[in-house]
S.K.: 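Got a structure here, written out as structure tokens. Questions coming.
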Amino acid sequence: GGFTKFAVNNRWLFKGIIVSRLVKIPAGSALLGTTIAPTMAAGSTKENEMPAIAMARINVRLHPRDTADDILNEARSAVRKIRQVTVAWEAPPEAASRTASISSATYRLLVQQIRHMAGTELPVLPVLLPGQTDSRSYSAVADDAYLFQPYILTEAEAGEVHGRDEHLSLANVARAVRFFYDFIPEAASIGN
């Protein structure tokens, strides 16, 4: 509501403000570009010893507009003035999954089922999923892969995803079973 709704409805004018607000939220920032997270580091085993070799591993999840070469070149540029520091892929990251169509019959069915489940004419908007999923494995056999979870998560529940106590409420499990029980037969009949 309020200014946020007005700004989103007038993105042509307020894009800069919207982006500046999104980058302050970790999930929002991950939607705007490639995510880069240091996950492992090794060096000396003593606090008063310089290591002969130090190493850091960085997890990279590519945004659809970026390539592995783009990110590698950017990382090399960032450390180019630091002597004896090199940057290389242990294994290049996989390219981002293809973006699914929002004009297909399957997408229209997904929107219809979401609105039916929610009991309202909610706007249904596609977003990028910043994590890596199995959807990339389907690109050879499917035109589109829609990553959808029919859950209604509180902010606290969303913060538990991949955390120590990751779980779903029984209400969300029941909601997911009902959704896919209705959706799968309908989706299977499309194009027949």
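What you see below is based on every heavy atom in this structure, not just the backbone, and it leaves out hydrogens, waters and symmetry mates.
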S.K.: In the structure I gave you, are the side-chain heavy atoms of T39 and I58 within less than 4.5 Å of one another anywhere?
M.R.: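 A side-chain contact under 4.5 Å is absent here.
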S.K.: Looking only at side-chain N and O atoms, does T34 offer a donor or acceptor that is under 3.5 Å from a partner on D66?
M.R.: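 Distance-only check passes for D66 and T34.
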S.K.: Less than 4.5 Å apart, any side-chain heavy atom of L168 and any of E157?
M.R.: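 Answer no - side chains too far apart.
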S.K.: Taking atom OH as the centre, does Y138 end up with more than 12 heavy-atom neighbours from other residues, nucleotides or ligands that are less than 6.0 angstrom away?
M.R.: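 Counting other residues, nucleotides and ligands, OH of Y138 stays at 12 neighbours or fewer.
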S.K.: Quick check: closest heavy atoms across A30 and T35, and the distance to 0.1 Å?
M.R.: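 So the two residues come closest at CB-CG2, 3.6 Å.
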S.K.: Taking S101's backbone N and O only, do any of them form a donor-acceptor pair with Y146's side chain (distance below 3.5 Å, no angle check)?
M.R.: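 Yes, the answer is positive, given that a donor and an acceptor are paired below the 3.5 Å cut-off.
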S.K.: Got L32 and V23 here, is their nearest side-chain heavy-atom distance under 4.5 Å?
M.R.: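 L32 vs V23: side chains touch.
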S.K.: Determine whether M40 and N59 satisfy the following criterion, side-chain contact (heavy atoms from CB on, under 4.5 Å), listing intermediate values before the conclusion.
M.R.: CA-CA 9 Å; M40 299 173 71; N59 182 276; over 6 Å; no
S.K.: Taking the side chain as every heavy atom from C-beta outward, state whether V173 and Y151 have any pair of such atoms under 4.5 Å apart.
M.R.: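 V173 does not reach Y151 side chain to side chain.
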S.K.: Side chains of D70 and T67: donor-acceptor distance under 3.5 Å anywhere?
M.R.: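 There is such a pair (donor and acceptor under 3.5 Å, judged by atom type) between the side chains of D70 and T67.
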S.K.: Find the distance between CD (E186) and OH (Y181) and round it off to the nearest 0.5 Å.
M.R.: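 Answer for the CD-OH pair, E186 versus Y181, is 12.0 Å.
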S.K.: Taking side chain as C-beta onward, heavy atoms only, is N9 less than 4.5 Å from F6?
M.R.: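 No - every pair of side-chain heavy atoms lies 4.5 Å or more apart.
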S.K.: Centroid-to-centroid, F179 to F148, below 6.0 Å?
M.R.: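 Between F179 and F148, the centre distance is under 6.0 Å.
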S.K.: Within the 4.5 Å heavy-atom criterion, are I71 and I36 side-chain neighbours or not?
M.R.: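 Of all side-chain heavy-atom pairs linking I36 with I71, at least one is under 4.5 Å.
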S.K.: Can you establish whether the number of heavy atoms outside R115 located under 6.0 Å from its atom CZ is more than 12?
M.R.: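 Atom CZ in R115 is crowded, with more than 12 foreign heavy atoms closer than 6.0 Å.
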S.K.: Quick one: does M117's side chain get under 4.5 Å of P150's, heavy atoms only?
M.R.: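 The answer is yes, as the side chains (C-beta and beyond) meet within the 4.5 Å cut-off.
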S.K.: I114 and L110: side-chain contact (heavy atoms from CB on, under 4.5 Å), yes or no, with the steps?
M.R.: CA-CA 6 Å; I114 291 168; L110 186 61; 4.0 Å; yes
S.K.: For a quick check under 3.5 Å, do R175 and N172 share a side-chain donor-acceptor pair by atom type?
M.R.: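 Indeed, the side chains of R175 and N172 share at least one donor-acceptor pair under 3.5 Å.
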S.K.: Shortest non-hydrogen contact from V124 to Y107?
M.R.: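 Closest heavy-atom pair between V124 and Y107: O-OH, 3.5 Å.
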S.K.: Determine whether a donor-acceptor pair (N or O, by modelled atom type, separation under 3.5 Å) exists between the side chain of R11 and the backbone of V8.
M.R.: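 Flag set: sc R11 to bb V8 pair under 3.5 Å.
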